[in-house]
Amino acid sequence: MKQARPVTKTEKIKFPIGITVMIDLLLPPIAPLITMLMLGNPLKELSSIEIPDTKIHNANRAAKAALTDIKTEE
């Protein structure tokens with residue numbers, strides 16, 4: 001399979017904004033849902049927010065450890 005082309009940062013910002021505007025104009029009842037779903041992508045690309053990857057991994061590790069403890073107690 002042919003490798004896809006690299007996507008620029010500008011495209012990563014413009015695409016969700018364009019989709020949001022189109023959906024908001026075409027389907028106003030679901031506009032809030034689509035807007036909130038698409039809002040995270042430009043925020044991530046603009047580095048406005050920091051995604052706490054380490055906290056997510058630590059939570060997963062703790063959950064797996066707790067499940068393992070429950071299984072071994074039975």
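For reference, positions follow the sequence shown, starting with 1. These values consider heavy atoms only, across backbone and side chains, with no hydrogens, waters or symmetry-generated copies. Keep in mind the model is a prediction, meaning the values are calculated, not measured.
Every residue meeting the side chain to side chain donor-acceptor pair (under 3.5 Å) condition with Asp24, not counting sequence neighbours, appears here in chain and number order: Thr35. For Ile30, the side-chain contact (heavy atoms from CB on, under 4.5 Å) partners are Ile23, Leu27, Ile34, not counting sequence neighbours. For Thr10, the side chain to side chain donor-acceptor pair (under 3.5 Å) test picks out no residue, with sequence neighbours left out.
Here CE of Met38 is found 10.0 Å from CG of Leu33. Values are rounded to the nearest 0.5 Å.
For Ile13 against Pro42, the heavy-atom pair with the smallest separation is O-CG, 4.2 Å. Of all heavy-atom pairs between Pro32 and Pro29, the closest is CD-O, 3.9 Å.
Within the structure, every pair that satisfies the salt bridge (Lys or Arg N to Asp or Glu O under 4.0 Å) test and touches residues 3-20, not counting sequence neighbours, is listed here: Arg5-Glu11.
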